Novice: 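Quick one: structure below, then a few questions.
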2 protein chains.
Amino acid sequence: MASSKAVQAHLVAAFRDECRRRGLASTHQREVIYRVAASRIDHPTPEAIYDLVKREIPSVSLATVYKNLNIFLEAGLLREVTMHHGSLRLDPNTHPHHHLVCERCKSIADLPGEGVEPVRIRSKLPKGFRVERYSVEFTGLCPKCAQRQ
Amino acid sequence: MASSKAVQAHLVAAFRDECRRRGLASTHQREVIYRVAASRIDHPTPEAIYDLVKREIPSVSLATVYKNLNIFLEAGLLREVTMHHGSLRLDPNTHPHHHLVCERCKSIADLPGEGVEPVRIRSKLPKGFRVERYSVEFTGLCPKCAQRQ
DNA sequence: TACTGTTTGATAACAATTATCCGCCAATGT
DNA sequence: ACATTGGCGGATAATTGTTATCAAACAGTA
């Protein structure tokens, strides 16, 4: 198993390449923000990343963190856990079902629970996690957006 | 197939019962907000619901819509599409994988892509939807929160 | 009908995110 | 190495989504 440092070194190298490829300046702030975000497995918020980056660069601005995180998202170096963090989205269907999410227009369509064969878990879950329900999120392009592509 | 009106009538009746059961006053605003939210399959935002309710009750306040939607969420009459709508959550893992989400503390843990057998779709997808990837979201209680229960 | 605890509507407050603007720095060419 | 320049960072205002506050109006009950 690769050590955490080796993994980070690899990631940072890949990051530098990606910057060059995209014509992005590789600044100290940008590198630290990326390294911090990429090394976290707890799906941090921008604020959390800001706090961590501040330990290395006390003068860093929250706006810089946001700007760079958005750049990384566009570049595909990071993903957002959900495309719907901007605003509450309501679902009147309280029965098990799944979602088709358009990554362009953010629309959400339903797939009934029976539309997907029961999901089977192979590996062990983290010790002690109690699953109450699950749903599959299919991400892609809705008919309208796929057509306009 | 039941007509939309019949479905709505049924939902509204169930809604009245639920209000009585919970000691909630059944006001006109509350009923309309519920009916509008429950009849939508497009997973609307509070703003969208507000706009729709205003057609029936022009004097309705946005705050009233929010307050009632939160009441409905607590009562389990509606669900939120994602538990992470408050703030952006970043994911450095750009490979296929799944999430274990704690509904109490909102923490997110990963399950590697191989941890789940490939998901099989039974029914037809909406004509023209182009799936690019999928991930399973397991919702429940993380070890810490399960213990504290 | 009168009473009491909710609910509503208007709006202030708050939180998350984005825009603006200016001084500065990284990348490129010389 | 040096100068040039377009992008970048920092401070902060503005915007957006949501919640808190509070007086007036209303629903549920006697």
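As the structure is a prediction and not an experimental result, all values here were calculated from the model. In what follows, chains are A, B, ... by sequence order, proteins preceding strands, each numbered from 1.
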Novice: Just call it for Ala25(B): base, sugar-phosphate, or nothing, with non-hydrogen atoms closer than 4.0 Å on any strand.
Specialist: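 Answer is sugar-phosphate: Ala25(B) comes under 4.0 Å of backbone atoms only.
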Novice: Tell me the interatomic distance from Glu80(B), atom CD, to dT18(D), atom P, rounded to whole angstroms.
Specialist: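 Those two atoms, CD and P, are 10 Å apart.
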Novice: Looking at Gln29(A), I'd like to know whether one of its side-chain N or O atoms comes within less than 4.0 Å of OP1 or OP2 on dG10(D).
Specialist: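 Affirmative; the distance criterion is met.
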Novice: Measure CG/Leu69(B) against C1'/dG17(D) and give the value in whole Å, please.
Specialist: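 Atom CG in Leu69(B) sits about 13 Å away from atom C1' in dG17(D).
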Novice: Of all the choices, dA19(C), dG9(C), dA27(D), which nucleotide is nearest to the side chain of Thr27(B) once you look at every atom?
Specialist: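 Nearest to the side chain of Thr27(B) among the choices is dA27(D).
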Novice: Can you say whether the rings of His99(A) and His43(B) are parallel (under 30°), tilted (30 to 60°) or perpendicular (over 60°)?
Specialist: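 Ring orientation of His99(A) relative to His43(B): perpendicular.
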Novice: Would you kindly give the CZ-to-P distance between Arg89(B) and dA15(C), to the nearest whole Å?
Specialist: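 Distance check: Arg89(B) CZ to dA15(C) P gives 18 Å.
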Novice: Nearest whole Å is fine: how far is dT18(D) P from Ile71(B) CD1?
Specialist: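 Roughly 16 Å, once rounded to whole Å.
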Novice: Please tell me if Thr64(A) has a side-chain N or O lying less than 4.0 Å from either OP1 or OP2 of dG10(D).
Specialist: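 Answer is yes, contact under 4.0 Å.
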Novice: To the nearest angstrom, how far is Ile49(B) atom CD1 from dG17(D) atom C1'?
Specialist: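 Rounded to whole Å, this separation is 14 Å.
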Novice: Looking at dA16(C), dG10(D), dT7(C), which one has an atom nearest to any side-chain atom of Val60(A)?
Specialist: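 Looking only at side-chain atoms, Val60(A) lies closest to dG10(D).
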Novice: Count the heavy atoms of every other residue, nucleotide or ligand shown that sit under 6.0 Å from CD1 of Ile41(B), and state whether that count exceeds 12.
Specialist: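 At most 12 heavy atoms, drawn from other residues, nucleotides or ligands, come within 6.0 Å of this atom.
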Novice: Give the rounded distance in Å between these two atoms: CD of Glu47(A) and C1' of dC14(C).
Specialist: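 Distance, rounded to whole Å: 13 Å.
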Novice: If you only use heavy atoms from C-beta on, which nucleotide in dT17(C), dT18(D), dA10(C) is closest to the side chain of His85(A)?
Specialist: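 Between dT17(C), dT18(D), dA10(C), the one nearest the side chain of His85(A) would be dT17(C).
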Novice: Are any of Tyr66(A)'s side-chain N or O atoms less than 4.0 Å away from OP1 or OP2 of dT18(C)?
Specialist: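 Looking at the OP1 and OP2 atoms of dT18(C), neither is under 4.0 Å from any side-chain N or O of Tyr66(A).
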Novice: Centres of the His84(B) and His84(A) rings: under 6.0 Å?
Specialist: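 Ring centroids of His84(B) and His84(A) are no less than 6.0 Å from each other.
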Novice: Describe the nucleic acid contact of Gly23(B) in one word from base, sugar-phosphate, nothing, applying a heavy-atom distance below 4.0 Å.
Specialist: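 It contacts nothing in the nucleic acid.
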Novice: Would you mind telling me which of dG9(C), dT17(C), dT19(D) lies closest to the side-chain atoms of Ser61(B)?
Specialist: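 Within the option list, the nearest is dG9(C).
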Novice: Name the closest nucleotide to the Asn70(B) side chain, picking from dT8(C), dT19(D), dT18(D).
Specialist: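 Of all the options, the side chain of Asn70(B) is nearest to dT19(D).
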Novice: Should the pair Phe72(B) and Tyr34(B) be assigned to parallel (<30°), tilted (30 to 60°) or perpendicular (>60°) ring geometry?
Specialist: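 Taking Tyr34(B) first and then Phe72(B), their aromatic rings stand perpendicular (interplane angle over 60°).
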Novice: How many whole angstroms separate atom CZ of Arg22(B) from atom P of dT6(C)?
Specialist: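 My rounded result for the distance is 15 Å.
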Novice: Just how far, in rounded Å, is C1' of dG9(D) from CD of Glu31(A)?
Specialist: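 My rounded result for the distance is 16 Å.
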Novice: So does Pro112(B) get a backbone contact from the side chain of His97(B), meaning a donor-acceptor N/O pair under 3.5 Å?
Specialist: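 Side chain of His97(B) to backbone of Pro112(B), a donor-acceptor pair under 3.5 Å: no, none is there.
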Novice: Does the side chain of Ser26(A) get closer than 4.0 angstrom to OP1 or OP2 of dA27(C) through an N or O atom?
Specialist: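 Answer yes for this pair, as a side-chain N or O of Ser26(A) is under 4.0 Å from OP1 or OP2.
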Novice: According to a strict under-4.0 Å criterion, is Asn68(B) in side-chain N/O contact with OP1 or OP2 of dT8(C)?
Specialist: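 For Asn68(B), the contact criterion (side-chain N or O under 4.0 Å from OP1 or OP2 of dT8(C)) is met.
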Novice: Below 3.5 Å, does any donor atom in the side chain of Lys67(A) face an acceptor in the base of dG7(D), or the other way round?
Specialist: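 Answer is no: no donor-acceptor pair is held.
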Novice: Run the salt-bridge test on Arg133(A) and Glu103(B) with the 4.0 Å N-O cut-off and return the result as yes or no.
Specialist: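 Yes, charged N to carboxylate O under 4.0 Å.
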Novice: Looking at Thr45(B), does any N or O in its side chain come under 4.0 Å of the phosphate oxygens OP1/OP2 on dG17(D)?
Specialist: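 Negative; the distance criterion is not met.
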Novice: Closer to the 5' end of DNA chain D via nearest nucleotide, is it His28(B) or Ala63(B)?
Specialist: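 The residue closer to the strand's 5' end, by nearest nucleotide, is Ala63(B).
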